[in-house]
Amino acid sequence: MAAPVRVPFAHSERSSVGIEWEVALVDADSGDLRQAAEAILATVRPADGSEHPLITQELLLNTVEIRSGKCRTVAEATADLQRALDEVEAAASPLRIELMGGATHPFARWAQQKVTDKQRYATLIDRTQWWGRQMLIYGVHVHVGIEDRDKVLPISRAMLSVFAHILSLSASSPFWGGKDTGYASNRALLFQQLPTAGLPFAFEEWSQLEQYVGDMLHTGVIDQFDEIRWDIRPAPRFGTLEMRIADGASNLLEVAAISALTHCFVEHFSSMLDRGEPLPMLPPWFAQENKWRSARYGMDAIIITNAAGDEELVTEAIGRWLVDLAPVAERLGCAAELEQVRVILRRGASYQRQRAVARRHAGELDAVVRSLVAELKAGRPL
């Protein structure tokens, strides 16, 4: 066993929030992906040559990531995202490039995509080969500030009891390489093929995490902490818990809704700890099964709700949580955004809307791309 590595956890204000949203660059004429991230980033770069604070590079050249700053509310964070989105759109439009949300492109081919020229990405592809090259996927990551390191792992374990709700609501990757996969979120199962991705280990003590990091560094699995790519992970340098399970969103309303739900869950569990109440926990085998059910069936998933193995339709579970979390949302200033979860319940998740578009157009997936581009422009489900 290697020596543990100290993992300091930065100070962060309780329930501060930050959001990262990966969006695709598509050709305005063909609807296929464009390898144009470098041109976009060069256009939006500040005059002093520094990196844009809210617009960054990702693994593939067909992708840009827009992010918020550290915010007090989801509304503040989504306002940051909108400003960044406007800048990217202004840079993309003269190149006949449009922006597309969603977790996968309906018909693009992974083998034709180019990797960003950064050493960390080159190392990832060299190590992971075929699976790494297939990471033609997009996500939404939500950071929530945790004021006390001792709360991080208990809240992380509790989030495993509700992360399937977030995956089902956000599921937006039914198509892959021109085919319907039969899954609501093909991305969730694709991404977990990377060696440090997937469900986190249910560590009980921070020292166990430090031992894990020491072992991974010693054996060369990772070179730095952020190469741990779990669906739920501590982000020590920000002082946050980062939820990475959500599929890429089709529009800003859904980003806001999913972020508000995540924000409320974390604050809810943090308040339970303050009151000395036990947090909900699922055995790892139930959490793993819930992830698969949500990825496969999305809003029709019947999820396992507790350690006793009780089950419930995920949409009914979400409906109950919206009532329970309403006071938390009021306290966090995200009641309006949490209420937008009901829009998704009413209109269907992105994967359902994408399949409906494909049916209306005799299976033509360029129509699905057009609908995703239109949703991002409209800022809401269509």
Side-chain angles (χ1 to χ4, degrees), residues 20-26 32-33 35 58-65 100-116 120-121 123-142 160 163-164 166-200 221-222 226-233 242-250 258 287-299 301 349-352 354-355 358 365 368-369 372:
E20 301 164 355
W21 182 18
E22 296 163 349
V23 296
L25 307 173
V26 300
D32 205 349
L33 289 169
Q35 318 297 305
E58 256 301 321
L59 170 65
L60 297 175
L61 288 176
N62 60 52
T63 310
V64 293
E65 180 182 275
M100 187 198 83
T104 54
H105 187 285
F107 62 79
R109 303 293 174 175
W110 62 265
Q112 297 171 354
Q113 309 310 313
K114 295 178 181 177
V115 178
T116 299
R120 63 182 293 224
Y121 295 136
T123 301
L124 171 67
I125 297 299
D126 182 61
R127 181 160 192 257
T128 57
Q129 291 294 309
W130 193 75
W131 280 116
R133 290 284 297 141
Q134 289 201 80
M135 293 297 124
L136 183 52
I137 53 178
Y138 311 91
V140 170
H141 303 161
V142 182
L160 284 171
F163 82 108
I166 296 167
L167 178 56
S168 289
L169 280 167
S170 68
S172 62
S173 46
F175 300 109
W176 178 256
K179 304 289 184 184
D180 191 326
T181 63
Y183 282 77
S185 173
N186 192 47
R187 168 196 163 271
L189 302 186
L190 256 177
F191 190 60
Q192 70 183 18
Q193 304 308 317
L194 294 182
T196 59
L199 295 173
V221 177
I222 63 172
D226 65 6
E227 291 172 9
I228 299 168
R229 299 179 172 91
W230 295 330
D231 298 329
I232 307 169
R233 73 176 181 189
E242 181 184 6
M243 287 293 293
R244 301 162 50 85
I245 189 62
D247 263 8
S250 310
I258 290 157
Q288 184 173 307
E289 174 65 14
N290 273 352
K291 180 177 180 179
W292 186 86
R293 290 184 187 187
S294 290
R296 170 66 178 88
Y297 299 110
M299 302 282 262
S350 178
Y351 78 92
Q352 294 171 307
Q354 289 180 50
R355 284 187 173 137
L365 296 186
V368 178
V369 173
L372 289 169

Please identify each residue that fulfils side-chain hydrogen bond (donor to acceptor under 3.5 Å, both in side chains) with [X], with sequence neighbours left out.
X	answer
S172	none
N62	Q113, Y138
E289	R293
S350	S250, Q354

Those residues that, when tested against [X], pass side chain to side chain contact (heavy atoms under 4.5 Å, CB included) (two or more places apart):
X	answer
A246	V140, I166, S170, I258
S168	S294, A301, V314
D231	L199, I245, K291

Would you say the side-chain atoms of [X] pair up with the backbone N or O of [Y], donor to acceptor, closer than 3.5 Å?
X	Y	value
E22	G139	yes
W21	E65	no
T181	Y183	yes
S173	R187	yes
Q352	A349	yes

Which pair of non-hydrogen atoms, one from K179 and one from L365, has the smallest distance, and what is that distance?
->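 It is N-CD1, 4.3 Å.
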Nearest non-hydrogen partners of G101 and L372, listed with the distance =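 Answer, listing the atom of G101 first, then L372: O-CD1, 3.9 Å.
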Carefully, step by step, assess F107 and V368 under the rule side chain to side chain contact (heavy atoms under 4.5 Å, CB included).
-> CA-CA 9 Å; F107 62 79; V368 178; over 6 Å; no
List the steps and the verdict of side chain to side chain contact (heavy atoms under 4.5 Å, CB included) for V26 and D32.
-> CA-CA 5 Å; V26 300; D32 205 349; over 6 Å; no
4.5 Å side-chain heavy-atom contact, [X] and [Y]:
X	Y	value
I222	I228	yes
H105	F175	no
N186	I137	no

Step through the shown structure and confirm whether more than 12 heavy atoms of other residues, nucleotides or ligands are within 6.0 Å of CD on Q288.
-> no
Of all residues at least two apart in sequence or in a different chain, which pass the salt bridge (Lys or Arg N to Asp or Glu O under 4.0 Å) check with [X]?
X	result
E242	R233, R244
R296	none
R355	D180

